[in-house]
> 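What follows is a structure written as structure tokens; I'll ask about it next.
All figures in this text were calculated on a predicted structure; none of them were measured in a lab. Just so it is clear, the values below take in all heavy atoms, side chains as well, and ignore hydrogens, waters and symmetry mates.
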Amino acid sequence: LSDKVLFKKNEDKRMSLASLTKLMTALVIFENPDRYNLSSFVEISEDAILKENGQTKMRSGDVFSVEAILYLMLLESSNGAAHALSEVVGQEYFVDLMNGKARNLGLKKTFFTNPTGLDPTIPGENINYSTADDLVKFTDYLLKNHSKIWEISSLKEYTIYKQNGEAIGLVNTNQLLGEIPGLIGGKTGWTFRARGNLLLVLHNPSRTGYLI
């Protein structure tokens, strides 16, 4: 990552993260192998389904591997998938892990209240927020230490399987894949409060490194 900034505006303004949150959710999974084995199985709860607002490829009682749920979360931005992963250790503890990692990475203006990025349901309740500057630092860390996250996010389509062998086809929410030269991945996000969010990572054509 070069320290050259091509453009910036309000880079220290705290703004709603929406589903960009799920990048931190994925990081917690990868950096806690004692709690998360990618090949272990998770049963989807009714509470996880309720996070999907009626749009889901999961049903209560379905069983997926942790890895399959990660793909569902990162490609289709599934809120239920993010919630299901947090339930393995308990959402409150999971969010503590998210905020602990943010502090560890020096993301001083980043804060999480849930693993999904959904808007709060109670007026005045805190939202997940960050800044453009913090997101660049965070993305740099992911690129250097967790290439698997970008491998997943670069896929336009992918098929996962339930424990019973049933196939589920996934389509990436990032419609820019294949449309922008050098694009290697990213994350979309949208809530009523955040409106539209988009984080993209591209190969830097003029030197070794990336454009974020």
Side-chain angles (χ1 to χ4, degrees), residues 16-32 35-99 111-129 148-149 152-153 155-175 186-199:
S16 174
L17 273 171
S19 282
L20 301 191
T21 293
K22 294 181 176 77
L23 293 172
M24 179 61 84
T25 303
L27 177 60
V28 168
I29 302 301
F30 281 112
E31 295 208 340
N32 288 276
R35 299 180 176 90
Y36 288 94
N37 183 327
L38 294 184
S39 61
S40 63
F41 288 94
V42 174
E43 182 174 336
I44 305 302
S45 70
E46 183 63 32
D47 195 33
I49 298 301
L50 291 174
K51 302 297 181 185
E52 295 284 54
N53 298 320
Q55 298 180 356
T56 180
K57 294 184 176 178
M58 304 182 297
R59 295 188 298 269
S60 177
D62 284 346
V63 179
F64 294 90
S65 68
V66 168
E67 184 173 27
I69 299 173
L70 272 171
Y71 276 86
L72 180 59
M73 179 182 73
L74 290 174
L75 267 69
E76 295 211 339
S77 206
S78 167
N79 296 314
H83 186 79
L85 290 170
S86 74
E87 286 183 315
V88 172
V89 296
Q91 180 173 308
E92 183 176 349
Y93 180 63
F94 192 93
V95 172
D96 285 344
L97 292 175
M98 296 171 75
N99 285 316
F111 182 74
F112 301 97
T113 65
N114 63 59
T116 63
L118 286 169
D119 290 336
T121 57
I122 302 173
E125 198 174 54
N126 285 330
I127 62 170
N128 294 357
Y129 63 77
K148 181 67 174 180
I149 292 175
I152 295 173
S153 73
L155 298 170
K156 295 184 71 172
E157 297 180 352
Y158 192 74
T159 301
I160 61 173
Y161 296 88
K162 299 180 184 180
Q163 188 183 39
N164 65 10
E166 182 181 345
I168 304 291
L170 306 180
V171 178
N172 203 315
T173 57
N174 185 359
Q175 297 181 9
K187 187 72 192 73
T188 63
W190 192 93
T191 67
F192 284 107
R193 192 160 176 175
R195 310 310 292 177
N197 290 1
L198 181 63
L199 187 151

> May I have the step-by-step check of side chain to side chain donor-acceptor pair (under 3.5 Å) for K22 and N79, ending in yes or no?
CA-CA 9 Å; K22 294 181 176 77; N79 296 314; 2.8 Å; yes
> Output the distance between atom CD1 (I160) and atom CZ (F64), rounded to the nearest 0.5 Å.
5.0 Å
> Go through it in stages, so that I can follow the logic: the residues are S78 and K57, the test is side chain to side chain donor-acceptor pair (under 3.5 Å), and I'd like the CA-CA distance, side-chain angles, deciding distance and then a yes or no.
CA-CA 9 Å; S78 167; K57 294 184 176 178; over 6 Å; no
> Side chains of D62 and E43: closer than 4.5 Å at any heavy-atom pair?
no
> Can you check whether R35 reaches V88 side chain to side chain, under 4.5 Å on heavy atoms?
no
> Does N128 reach the main-chain N or O of N114 with its side chain, forming a donor-acceptor pair under 3.5 Å?
yes
> Without hydrogens or angle criteria, can the side chains of T173 and S77 be said to hold a donor-acceptor pair below 3.5 Å?
no
> Taking the side chain as C-beta and beyond, is there a heavy-atom pair between V63 and N164 under 4.5 Å?
no
> Got a second to check how far T113's OG1 is from E125's CD, nearest 0.5 Å?
6.5 Å
> Pairs in or reaching into residues 83-93: which pass salt bridge (charged side-chain N to carboxylate O under 4.0 Å, His left out), with residues at least two apart or in two chains?
none
> Do E76 and V171 make a side-chain contact, defined as non-hydrogen atoms from C-beta onward lying under 4.5 Å apart?
yes
> Please tell me if the side chains of I49 and S60 come closer than 4.5 Å, counting only heavy atoms from C-beta onward.
yes
> Quick one: pull up CD in E31 and CE in M24 and give me the separation to the nearest 0.5 Å.
8.5 Å
> Can you tell me if T188 and N174 form a side-chain donor-acceptor pair at under 3.5 Å?
no
> Take the angle between the ring planes of F94 and Y36 and call it parallel below 30°, perpendicular above 60°, tilted in between.
perpendicular
> So, N37 and S39: side-chain donor and acceptor under 3.5 Å apart, yes or no?
yes
> How far does CE of M98 sit from CD of Q91, to the nearest 0.5 angstrom?
9.0 Å
> Let's go through L72 and M58 carefully: what are the C-alpha distance in whole Å and the side-chain angles of both, what is the deciding distance for side chain to side chain contact (heavy atoms under 4.5 Å, CB included) to 0.1 Å, and is it a yes or a no?
CA-CA 10 Å; L72 180 59; M58 304 182 297; 3.4 Å; yes
> By salt bridge (charged side-chain N to carboxylate O under 4.0 Å, His left out), which residues pair with E67, not counting sequence neighbours?
K148
> Provide the closest heavy-atom pair for P115 versus T25 in the form atom of the first, atom of the second, distance.
O-OG1, 2.7 Å
> Mind checking whether L85 and M73 have side chains closer than 4.5 Å, heavy atoms only?
yes
> Measuring from atom CZ of F41 to atom CD1 of I69, what distance do you get when rounded to the nearest 0.5 angstrom?
10.0 Å
> Please name the pair of heavy atoms, one in D119 and one in A194, separated by the smallest distance, quoted to 0.1 Å.
OD1-N, 4.5 Å
> How long is the straight-line distance from OG of S65 back to OH of Y71, given to the nearest 0.5 Å?
9.5 Å
> Can you find a pair of side-chain heavy atoms, one from N172 and one from L74, that are under 4.5 Å apart?
no
